[in-house]
Chemist: 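Attaching a single structure in structure tokens format; questions to follow.
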Amino acid sequence: MKVLIINGPNLNLLGTREPEIYGSVSMEEYLEKLKSEFPAHELNYYQSNIEGELINRLQVNDFDAIVINPGAFTHYSYAIADCLKNIQKPKVEVHISNIYKREEFRQKSVTAACTDAVLSGFGMEGYRLAIVSLISSKNI
């Protein structure tokens with residue numbers, strides 16, 4: 001399975017950004033761990049701070065499934081939601097922190113309804129759990 005892991009704004013700072021919330025491991029470090037755990041699957045990673053670039057990448061359509069952490073776009077990007085809605089492949093939304101324990105504006109996801117599942121609050125482990133669910137589930 002070819003899985004596209006896609007991260008939105010400020011997630012390029014993982015490992016240094018608010019480590020008390022997001023941990024101290026960079027996405028690049030964690031991606032190496034994921035690739036070693038899932039050698040039979042192709043894991044590709046893309047991150048951008050720019051909404052249109054995320055949409056353009058999603059529209060390339062060179063994957064079998066998506067793991068997406070839209071970052072702050074989660075809460076207001078109807079453009080990303082529309083893009084996800086039109087992708088007929090399995091999709092899991094991931095949030096490192098538990099968005100329901102944070103500020104009120106972070107507790108609403110406009111993109112979640114356009115995905116098959118949401119993982120929130122598992123730290124970086126959420127990416128691994130999403131991949132496991134995509135590989136093993138016939139319903140997602």
Side-chain angles (χ1 to χ4, degrees):
M1 177 179 280
K2 291 174 68 173
V3 179
L4 173 62
I5 301 169
I6 190 161
N7 276 347
N10 299 310
L11 293 170
N12 57 308
L13 301 174
L14 288 173
T16 59
R17 174 189 180 201
E18 300 176 273
E20 67 280 3
I21 296 174
Y22 300 103
S24 58
V25 176
S26 73
M27 189 64 198
E28 290 72 20
E29 292 171 299
Y30 196 72
L31 186 60
E32 289 308 311
K33 178 184 178 214
L34 291 173
K35 286 180 176 182
S36 68
E37 186 169 343
F38 301 103
H41 303 280
E42 184 178 325
L43 305 180
N44 295 302
Y45 176 64
Y46 184 80
Q47 187 278 329
S48 180
N49 296 318
I50 301 169
E51 183 179 35
E53 288 181 1
L54 295 171
I55 292 167
N56 286 341
R57 178 62 187 95
L58 286 165
Q59 290 179 353
V60 171
N61 197 23
D62 60 349
F63 48 81
D64 300 312
I66 301 167
V67 174
I68 184 168
N69 182 340
F73 292 138
T74 299
H75 316 296
Y76 65 88
S77 180
Y78 294 100
I80 291 175
D82 285 346
C83 179
L84 290 169
K85 188 185 316 180
N86 287 294
I87 296 172
Q88 302 305 310
K89 296 182 180 183
K91 303 171 287 281
V92 178
E93 182 170 306
V94 169
H95 298 286
I96 296 166
S97 67
N98 181 347
I99 63 174
Y100 302 103
K101 290 180 76 174
R102 300 197 56 200
E103 303 93 335
E104 187 175 339
F105 79 91
R106 293 187 196 274
Q107 296 177 17
K108 178 173 166 87
S109 171
V110 300
T111 52
C114 303
T115 64
D116 300 296
V118 178
L119 289 161
S120 178
F122 289 95
M124 296 292 273
E125 182 75 358
Y127 292 95
R128 188 185 74 75
L129 294 170
I131 293 166
V132 167
S133 71
L134 289 166
I135 291 169
S136 63
S137 178
K138 302 295 183 214
N139 296 322
I140 293 183

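No hydrogens, no waters, no symmetry mates; every other heavy atom, side chains included, goes into these values.
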Chemist: Test side-chain hydrogen bond (donor to acceptor under 3.5 Å, both in side chains) on S48 and E53 and set out the steps.
Modeler: CA-CA 7 Å; S48 180; E53 288 181 1; 2.7 Å; yes

Chemist: What closest approach, in Å, do L119 and A130 show between heavy atoms, and which atom pair accounts for it?
Modeler: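 Scanning both residues, the minimum pair turns out to be CD1-N, 3.5 Å.
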
Chemist: Please walk me through it: do L43 and E32 pass side chain to side chain contact (heavy atoms under 4.5 Å, CB included)?
Modeler: CA-CA 10 Å; L43 305 180; E32 289 308 311; over 6 Å; no

Chemist: Transitively linked via ILVMFWY side-chain contacts under 4.5 Å: V67 with V118?
Modeler: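 Looking at the clustering, V118 is in a separate group from V67.
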
Chemist: If we ignore hydrogens and angles and just use 3.5 Å, is the side chain of E125 paired with the main-chain N or O of F122 as donor and acceptor?
Modeler: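 The answer is no, because no donor-acceptor pair under 3.5 Å joins these two groups.
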
Chemist: Would you call the rings of H95 and H75 parallel, tilted or perpendicular, taking 30° and 60° as the class edges?
Modeler: parallel

Chemist: Locate the shortest heavy-atom distance separating V94 from G126; write the atom from each residue and the value.
Modeler: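 Looks like CG2-O, 3.8 Å.
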
Chemist: Tell me whether Q88 contacts the main-chain N or O of K85 through its side chain, where contact means a donor paired with an acceptor under 3.5 Å.
Modeler: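 A pair under 3.5 Å: yes.
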
Chemist: Ignoring hydrogens and geometry beyond distance, is a side-chain donor-acceptor pair present between E93 and S109 at under 3.5 Å?
Modeler: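 The answer is yes; a qualifying pair exists.
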
Chemist: Between Q47 and N49, is there a side-chain donor-acceptor contact under 3.5 Å, judged purely by atom types and distance?
Modeler: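 Looking only at side-chain atoms, Q47 and N49 do form a donor-acceptor pair, the distance falling under 3.5 Å.
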
Chemist: When you group the ILVMFWY residues by side-chain heavy-atom contacts below 4.5 Å and let the links chain together, are V132 and Y30 in the same group?
Modeler: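 Yes; tracing contacts between hydrophobic side chains, which count when under 4.5 Å, links both residues.
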
Chemist: Hey, any chance M124 and I135 share a hydrophobic cluster, counting ILVMFWY side chains that come within less than 4.5 Å of each other, even indirectly?
Modeler: yes

Chemist: Donor-acceptor check, side chain of K91 to backbone of I68, threshold 3.5 angstrom: yes or no?
Modeler: no

Chemist: Tell me whether T74 contacts the main-chain N or O of G71 through its side chain, where contact means a donor paired with an acceptor under 3.5 Å.
Modeler: yes

Chemist: Of all heavy-atom pairs between V92 and S133, which one has the smallest distance, and what is that distance?
Modeler: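 That closest heavy-atom pairing would be CG2-OG, 4.0 Å.
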
Chemist: Please examine the side chains of L134 and H41, heavy atoms only from C-beta on, and report whether any two atoms are closer than 4.5 Å.
Modeler: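 No, their side chains stay 4.5 Å or more apart.
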
Chemist: Is any side-chain heavy atom of L13 less than 4.5 Å from a side-chain heavy atom of E18?
Modeler: no

Chemist: Measure the shortest side-chain to side-chain distance between L4 and Y46 over non-hydrogen atoms and say whether it is less than 4.5 angstrom.
Modeler: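 Yes; the side chains approach each other to less than 4.5 Å.
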
Chemist: Would you check if there is a donor-acceptor pair between the side chains of Y127 and N7 at a distance under 3.5 Å?
Modeler: yes

Chemist: Looking only at non-hydrogen atoms, find the nearest pair between A65 and M1 and report the distance.
Modeler: CB-SD, 4.0 Å

Chemist: Would a 4.5 Å heavy-atom cut-off, applied to side chains only, mark I5 and M27 as touching?
Modeler: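 SC-SC contact between I5 and M27 confirmed.
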
Chemist: Checking K89 side chain against F63 main chain: does a donor-acceptor pair fall under 3.5 Å?
Modeler: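 Yes, K89 side chain to F63 backbone: donor-acceptor pair under 3.5 Å.
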
Chemist: Which pair of non-hydrogen atoms, one from V110 and one from F73, has the smallest distance, and what is that distance?
Modeler: CG2-O, 4.3 Å

Chemist: Does S97 reach the main-chain N or O of I21 with its side chain, forming a donor-acceptor pair under 3.5 Å?
Modeler: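 No, the answer is negative, given that no donor and acceptor are paired below the 3.5 Å cut-off.
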
Chemist: State, to 0.1 Å, how close D116 and P90 come at their nearest heavy-atom pair, and which atoms those are.
Modeler: OD2-CA, 3.3 Å

